[in-house]
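Report on the following structure.
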Amino acid sequence: LSGSSFHQTTTSTPTPLRPSSGESSILPATKVNPNPTIYEVSHITRKEDIKKDDQPDEFDALEIFDIIRRINDPEHPVVTLEQLNVIKLENIYVDNENQIIKVVFTPTIPHCSMATLIGLCVRVKLLRSLPDRFKVDIEVAPGSHASEASVNKQLNDKERVAAALENESLLNLVNNRIAHTD
C-alpha cells in the first residue's frame with residue numbers, strides 16, 4: 001500500500017467547540033468528549049505528475065483523504081473528522097494493483113463510544129464514492145481505543161455493516177454526517 005506525492009502543512013490550534021443541537025436519539029444525551037481539541041485543516045498541494053495517456057487513472061491517498069476529510073463528527077456535528085485529527089492523510093493507504101483502500105483513524109479518546117459510528121461513516125462515504133472494484137478496510141489506529149479489536153471486527157464485517165445500515169435512525173445519522181462533504 002502506498003501514498004502519493006504531496007506536500008502537507010498542518011498547524012494545531014485548539015479552539016473552543018460550540019454546542020451542537022438536533023442530535024439524533026441514537027446519540028448519548030451527554031457527550032463523552034464534551035470539549036475536544038480542534039485543529040486547523042491541512043493545506044495540501046499536489047506535486048505535478050506527468051501522466052501518460054496509456055496509464056490507468058489510479059487513486060492515491062490524497063484523493064481518498066479528500067473524499068473523507070469533511071465528514072462531520074457524530075458527537076460534534078459542526079466539526080469535521082479532519083479538524084479533530086481523527087482522519088489524517090498519513091493514515092490512508094492505497095494499493096491500486098490489489099484494489100485495496102485502507103483507512104486508519106484515531107478516536108479523540110480511548111473510550112470513544114462513537115468509534116464504530118465514525119468508522120461506519122467513513123466506510124459508507126468511500127463505498128458510495130469509489131468504484132465497486134475496491135475493497136475498503138477501516139481500522140482504529142493501534143493502541144488508540146480500549147475496544148480496538150471489537151471495533152475493527154464490526155467495521156470490517158459485511159453482515160454487521162449491512163445490519164447496521166438497515167436501522168433507519170442509524171442510516172439517517174450516517175447520511176447527515178456525510179452530507180455535503182463533496
Side-chain angles (χ1 to χ4, degrees), residues 8-44 61-92 101-129 136-156 160-161 164-182:
Q8 176 180 2
T9 57
T10 307
T11 45
S12 60
T13 307
T15 55
L17 181 64
R18 297 179 296 155
S20 59
S21 61
E23 296 289 359
S24 169
S25 60
I26 290 178
L27 300 176
T30 58
K31 295 185 184 304
V32 176
N33 188 4
N35 195 19
T37 302
I38 300 174
Y39 301 85
E40 282 188 39
V41 297
S42 302
H43 301 286
I44 303 168
L62 182 55
E63 287 177 286
I64 302 306
F65 182 67
D66 281 340
I67 292 171
I68 61 176
R69 69 192 299 177
R70 292 175 193 86
I71 295 173
N72 295 107
D73 181 64
E75 190 173 27
H76 305 286
V78 298
V79 181
T80 68
L81 297 180
E82 179 187 18
Q83 288 174 302
L84 294 173
N85 270 352
V86 171
I87 298 290
K88 295 180 183 179
L89 178 60
E90 60 266 20
N91 293 332
I92 297 173
I101 307 286
K102 180 178 178 181
V103 175
V104 178
F105 70 96
T106 307
T108 58
I109 56 174
H111 295 295
C112 178
S113 62
M114 298 289 125
T116 306
L117 185 54
I118 290 168
L120 186 61
C121 290
V122 171
R123 173 173 293 288
V124 169
K125 179 65 178 176
L126 288 174
L127 291 176
R128 291 180 183 174
S129 302
V136 175
D137 290 329
I138 309 294
E139 295 181 4
V140 174
S144 68
H145 196 277
S147 301
E148 176 184 333
S150 175
V151 170
N152 289 341
K153 183 176 181 177
Q154 291 178 48
L155 292 175
N156 292 295
R160 289 181 188 206
V161 169
L165 296 175
E166 288 177 4
N167 178 318
E168 188 176 335
S169 296
L170 187 55
L171 180 59
N172 287 335
L173 182 62
V174 168
N175 286 336
N176 287 335
R177 295 309 181 258
I178 66 174
H180 312 294
T181 57
D182 294 329

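If you read the sequence from its start, that first residue is 1, and numbering goes on from there.
When side chains are defined from C-beta on, Thr108 counts as touching Val86, because their heavy atoms get closer than 4.5 Å. Residues Leu81 and Ile68 fail the side-chain proximity criterion, which asks for heavy atoms closer than 4.5 Å. You'll find the side chain of Val78 stays beyond 4.5 Å of the side chain of Asn72, heavy atoms only. For the pair Asn91 and Ile87, the minimum side-chain heavy-atom distance is 4.5 Å or more. Counting heavy atoms from C-beta on, the side chains of Pro107 and Met114 never come closer than 4.5 Å. Counting only heavy atoms from C-beta outward, the side chains of Leu155 and Thr116 approach each other to under 4.5 Å. Put simply, the side chain of Ile38 reaches to within 4.5 Å of the side chain of Leu84, judged on heavy atoms. No side-chain heavy atom of Leu89 sits less than 4.5 Å from a side-chain heavy atom of Arg69.
Here Asp66 contributes atom CG and Thr181 contributes atom OG1; the two are 11.0 Å apart, rounded to the nearest 0.5 Å. Annotation: the span from Cys112 atom SG to Phe105 atom CZ amounts to 8.0 Å, rounded to 0.5 Å. Going from atom CD1 of Ile71 over to atom CG of Asn176 covers 13.0 Å, rounded to the nearest 0.5 Å. Summarising the geometry, atom CD1 belonging to Ile67 is positioned 11.5 Å from atom CD1 belonging to Ile178; distances are rounded to the nearest 0.5 Å.
Pairing each heavy atom of Leu170 with each of Ala164, the nearest pair is CD2-O, 3.4 Å. Between Gln83 and Val79, the shortest heavy-atom distance links the atoms OE1-CA, 3.4 Å. Here the closest non-hydrogen pair linking His145 and Val140 is CB-CG1, 3.6 Å. Residues Arg177 and Pro74 share a closest heavy-atom pair of NH2-O, 3.1 Å.
Across Lys125, Arg70, Arg128, a single residue satisfies salt bridge (Lys or Arg N to Asp or Glu O under 4.0 Å) together with Asp182, and that is Lys125. If you run side-chain contact (heavy atoms from CB on, under 4.5 Å) between Val124 and each of Leu120, Leu127, Val122, only Leu120 comes through.
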Worked check of side-chain contact (heavy atoms from CB on, under 4.5 Å) between Ile118 and Ile138: CA-CA 10 Å; Ile118 290 168; Ile138 309 294; over 6 Å; no
Intermediate values then yes/no, side-chain contact (heavy atoms from CB on, under 4.5 Å), Ile92 and Leu62: CA-CA 8 Å; Ile92 297 173; Leu62 182 55; over 6 Å; no
Worked check of side-chain contact (heavy atoms from CB on, under 4.5 Å) between Arg123 and Asn156: CA-CA 9 Å; Arg123 173 173 293 288; Asn156 292 295; 2.6 Å; yes
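Among residues at least two apart or in separate chains, salt bridge (Lys or Arg N to Asp or Glu O under 4.0 Å) pairs with a member in residues 137-153 are Lys102-Glu139, Lys135-Asp137.
Using a distance-only test at 3.5 Å, with no hydrogens or angles considered, a donor-acceptor pair links the side chain of Ser144 to the main chain of Ala141. The backbone N or O of Ala146 lies less than 3.5 Å from no partner atom in the side chain of His111, so there is not a single donor-acceptor pair.
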